[in-house]
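Below is one structure, written out as structure tokens, with a few remarks after it.
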Amino acid sequence: MTQNPDTQHAQTPSLPAQYLPGEVEQRRYERWVAGGYFRADAHSDKPPFTIVLPPPNVTGSLHVGHALDHTVQDALVRRKRMQGYEALWLPGMDHAGIATQNVVERQLAAQGLSRHDLGRERFIERVWRWKEESGGAILGQMRRLGDSVDWDRERFTMDPGLSRAVQTIFKRLYDDGLIYRAERIINWCPRCLTALSDIEVEHSDDDGELVSIRYGEGENSIVVATTRAETMLGDTAVAVHPDDDRYRHLIGTEVELPLTDRRIPIVADEHVDPEFGTGAVKVTPAHDPNDFEIGQRHHLPSLVVMDERGVITVPGPFEGLDRFEARPAIVAALREQGRIVAEKRPYVHSVGHCSRCKTTIEPRLSLQWFVKTGPLARAAGDAVRDGRVRIEPPEMAKRYFAWVDNMHDWCISRQLWWGHRIPVWYGPEDEVVCVGPGEEPPSGEGWRQDEDVLDTWFSSALWPFSTLGWPERTADLAKFYPTSVLVTGYDILFFWVARMMMFGLYAMDGRQPFDVVALHGIVRDQHGKKMSKSLGNVVDPLDWIERFGADATRFTLARGANPGQDVPVSEEWCQGSRNFCNKLWNATRFALMNGAHVDGDLPAVDELPTIDRWILSRLQQVTAEVDEHFEAFEFAKVCDALYHFAWDDVCDWYLELSKPVLAAGGRAGEIRRRVLGHVLDRLLRLLHPVLPFVTDELWTALTGGETVMIAAWPTAAHELRDEAAESEVAMLQRVVTEIRRFRADQGLRPAQRVAARLDGLADAGIGEHESLIRALARLDEGGADFRASATLAVAGGVAVALDTRGAIDVAAERARLEKDLAAVEKELAQARAKLANPAFVEKAPEPVVAKVRERLANAEADLARITAALEALPA
RNA sequence: GGGCGCGUAGCUCAGUGGGAGAGCACUCGCCUUACAAGCGAGGGGUCGCAGGUUCGAAACCUGCCGCGCCCACCA
């Protein structure tokens with residue numbers, strides 16, 4: 001790193017030349033917490049703005065996806081707080097039943113232990129210890145990210161209060177007939193040894209083989225096709241379509257089931273597709289959901305042929321074999337009997353896997369608890385349909401409807417230990433008593449509580465109101481429900497959002513849990529690939545925070561966050577964000593060194609020079625854009641607008657244009673100091689939601705205020721919009737850029753002073769800025785002795801001539817002019833063609849036509865100017 | 001099988017009816033006293049393909065090709 005020691009000196013700036021996030025972030029966060037700025041007051045008069053944090057699982061630490069989620073929420077909350085809302089961001093964590101239990105079981109396994117070695121009570125104690133450890137790590141990460149959550153209201157899904165909420169709603173649903181217990185086919189994980197809900201099953205296309213097996217003998221035999229030969233031991237029928245002529249004569253007869261001593265009926269069922277396979281289906285009601293339905297319709301018995309680990313239990317040669325060992329063994333045995341008619345391999349079909357451990361799901365007949373989703377799901381769909389709840393982006397609503405409108409009953413019992421125990425007691429005479437909170441469970445001989453716990457999403461579904469104190473009628477609930485925005489990834493739309501809707505509407509008497517669902521995408525790597533340990537492209541947010549700062553990390557994520565779209569990130573982009581923070585740092589540092597300050601009102605507009613009116617006008621425009629984009633959850637656009645305003649307008653132009661007047665001092669200098677202070681003040685406020693740390697550090701240094709956190713959010717002042725100033729500065733910028741390009745083309749080094757005369761500035765309306773133009777383009781006053789000239793292209797048909805005293809590189813200049821000429825001629829041809837088209841002139845809106853006319857005029861003027869310049873070039 | 005989305009510069013993405021953009025990367029020149037984590041200038045795209053609508057299409061419609069995701073009781 002080259003650094004001129006002389007530049008480090010003199011003014012003894014109070015701020016170092018580089019932004020060093022580490023120390024600043026820690027100090028700032030402690031002050032925010034100590035100042036109580038994160039605390040929300042349920043009794044204030046301010047309008048509420050509420051976000052409940054989607055509770056992270058206590059399974060480890062936060063990943064970069066959480067960092068995105070938190071950044072978005074923090075930005076929303078910080079802005080609303082500045083806007084004067086009573087802003088509550090409520091933090092907490094999820095006990096994450098099966099996921100957490102698996103983590104702890106893996107830890108035990110490493111010591112050669114299983115949960116059964118410890119027993120239920122000691123195992124749960126062990127999980128609680130892990131929860132403290134993991135939870136503590138997560139809280140630390142949230143602080144590092146800068147989350148402005150109300151720590152006094154932190155919740156955990158297994159807190160006593162939230163557990164009461166679980167019991168309360170369970171009891172209420174049970175009494176309303178919306179929770180029931182039944183023997184059904186459920187998704188069973190033979191490794192986790194628990195039932196799973198439909199959405200905890202991931203389907204993938206796996207290779208299998210479809211074998212055709214002849215059941216029965218001779219004329220009355222029938223051939224069935226299956227991918228799961230091992231389940232044939234549990235077959236209790238063969239089904240064919242009632243209209244299938246091939247099999248009509250067999251309906252009502254029985255066939256011998258091979259490898260067993262049983263005979264099974266052939267039944268007719270509409271469900272069978274005559275086109276598929278042989279058109280005859282083996283029916284195994286205990287091991288296939290469709291077959292179960294067929295079995296119900298035809299009163300078939302259900303034979304369970306496997307235990308909970310997927311091991312065959314039918315006495316005989318296959319007993320004790322795992323289901324995947326049994327399959328080839330049974331096929332081999334059948335082949336020996338000459339019963340395998342055809343095999344098709346590989347046959348790709350969809351197979352369900354446990355979302356936690358990837359084990360192949362075994363559909364299994366078992367007695368479980370269910371939520372009857374029909375009425376709840378209908379209400380959840382209607383709330384979105386009638387506009388009470390808005391889903392952003394709206395396209396995602398389609399997915400939501402597709403799901404809530406086709407929802408099966410929800411299996412909520414889990415054969416786990418970590419979670420909310422099902423509040424149901426069974427009596428000695430098979431009595432069933434659902435026990436509400438505060439009620440005494442039945443006691444006495446033979447009574448026992450259900451061993452199972454609830455699906456972890458059952459308690460998550462209560463999160464927007466259980467965290468506010470429900471079922472008590474708390475001040476929090478009155479003030480902060482419904483919550484304002486739910487921010488989460490589209491990947492848990494079904495898992496969580498739909499279920500919060502169902503339970504929220506049910507428990508809160510039809511009041512929705514949130515007004516808006518703002519969905520973001522998944523964080524991916526710089527090539528759009530999903531992050532995974534095996535690809536080695538996982539980003540640890542703490543790593544980035546350490547190296548680039550929390551603000552840079554947040555900015556990188558927010559900058560990629562288009563609604564509902566995945567967010568690609570990379571280390572280089574985070575570096576870029578860090579650089580942006582540093583840019584802000586140095587801009588403010590420059591301003592402070594030059595005496596910029598914030599006090600009182602701005603000078604009257606008519607007293608302001610063009611340059612100030614221009615930057616103030618741009619500021620209003622950006623303020624309006626930022627507000628618009630915030631309201632639309634367009635965080636990428638919020639970041640983009642502020643990035644370009646800060647870097648391009650403020651740093652590259654406004655500060656550069658200000659250097660002469662700041663150096664000169666006087667009244668003009670004083671005005672500039674105040675406007676500069678004002679612009680930075682507002683810019684830092686606008687950036688604060690996304691970049692909380694660096695903006696607070698700079699804003700307090702600039703203004704002497706307490707914290708930018710509670711500074712008022714800027715509103716756009718339309719009276720400060722000034723199109724004349726904007727176009728004047730645009731012209732100035734074009735002239736400066738043209739001269740710089742000429743210099744670059746001519747190989748004139750920046751340090752090389754060039755004496756030159758500028759003509760045409762007054763015609764371009766920027767005559768008063770000549771000295772500024774000279775300063776930015778590094779041109780000295782020219783003498784009379786010009787030997788070469790270059791004429792610069794400028795909009796509006798105005799040419800500004802620049803004559804240099806020294807000889808120029810004629811070839812280079814000619815080449816450039818010829819290139820410009822070609823471009824202008826093309827432009828000219830296009831504009832002429834358009835205007836020559838009567839249909840265009842007639843039908844196109846007037847402003848469009850006017851614009852083309854203007855383009856034509858400009859092009860004509862440019863053509864003349866360039867031609868003249870070419871002719872003026874020495875041969 | 002059903003549904004959704006995407007295809008724009010080397011990479012990642014904005015742009016939804018009127019002169020092709022940004023960040024990063026790249027080339028050239030610079031320590032020009034806020035910032036080399038910087039400054040200035042520049043190169044680079046028949047907007048997936050083919051039709052259609054329109055005075056005008058990257059944008060709207062249809063089809064095709066390619067990619068991704070979600071859902072599903074495909075024996």
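In what follows, chains are A, B, ... by sequence order, proteins preceding strands, each numbered from 1.
Partners of A:Glu362 under the side chain to side chain donor-acceptor pair (under 3.5 Å) rule, at least two apart in sequence or in another chain, are A:Arg228, A:Arg323. With sequence neighbours left out, A:Phe555 forms a ring pair (Phe, Tyr, Trp, His ring centres under 6.0 Å) with A:Phe580. Residues satisfying the ring pair (Phe, Tyr, Trp, His ring centres under 6.0 Å) criterion with A:His271, sequence neighbours excluded, are absent altogether. Not counting sequence neighbours, the partners of A:Asp566 by the side chain to side chain donor-acceptor pair (under 3.5 Å) test are A:Tyr490, A:Arg524.
One can place CZ of A:Phe555 at 10 Å from C1' of B:G23, the figure rounded to the nearest angstrom. Atom-to-atom, CZ of A:Arg778 to C1' of B:U33 comes out at 11 Å; the value is rounded to the nearest Å.
Without hydrogens or angle criteria, A:Asn582 side chain to A:Tyr19 main chain gives a donor-acceptor distance under 3.5 Å.
For the 3.5 Å distance criterion, the side chains of A:Asp269 and A:His298 qualify, holding a donor opposite an acceptor.
By the 30° and 60° cut-offs, the orientation of the rings of A:Trp647 relative to A:Tyr643 is tilted.
Taking 3.5 Å as the limit, the base of B:A14 and the side chain of A:Gln565 contain no donor-acceptor pair of atoms between them. Remark: the A:Gln830 side chain and the B:G19 base include no donor-acceptor N/O pair separated by less than 3.5 Å.
Residues from residues 645-655 of chain A with heavy atoms under 4.0 angstrom of RNA chain B, sorted by number: A:Trp647, A:Cys651, A:Asp652, A:Leu655. Listed by residue number, the members of residues 573-584 of chain A with any heavy atom below 4.0 angstrom from RNA chain B are A:Trp573, A:Arg578, A:Asn579, A:Asn582, A:Lys583.
Of all nucleotides present, none satisfies the Watson-Crick or G-U wobble test against B:U53 with each distance under 3.5 Å.
Nucleotides B:U8 and B:A22, compared at atom C1', are 12 Å apart to the nearest Å.
For A:Arg399 and B:C4, the shortest distance from a side-chain N or O to OP1 or OP2 is not below 4.0 Å.
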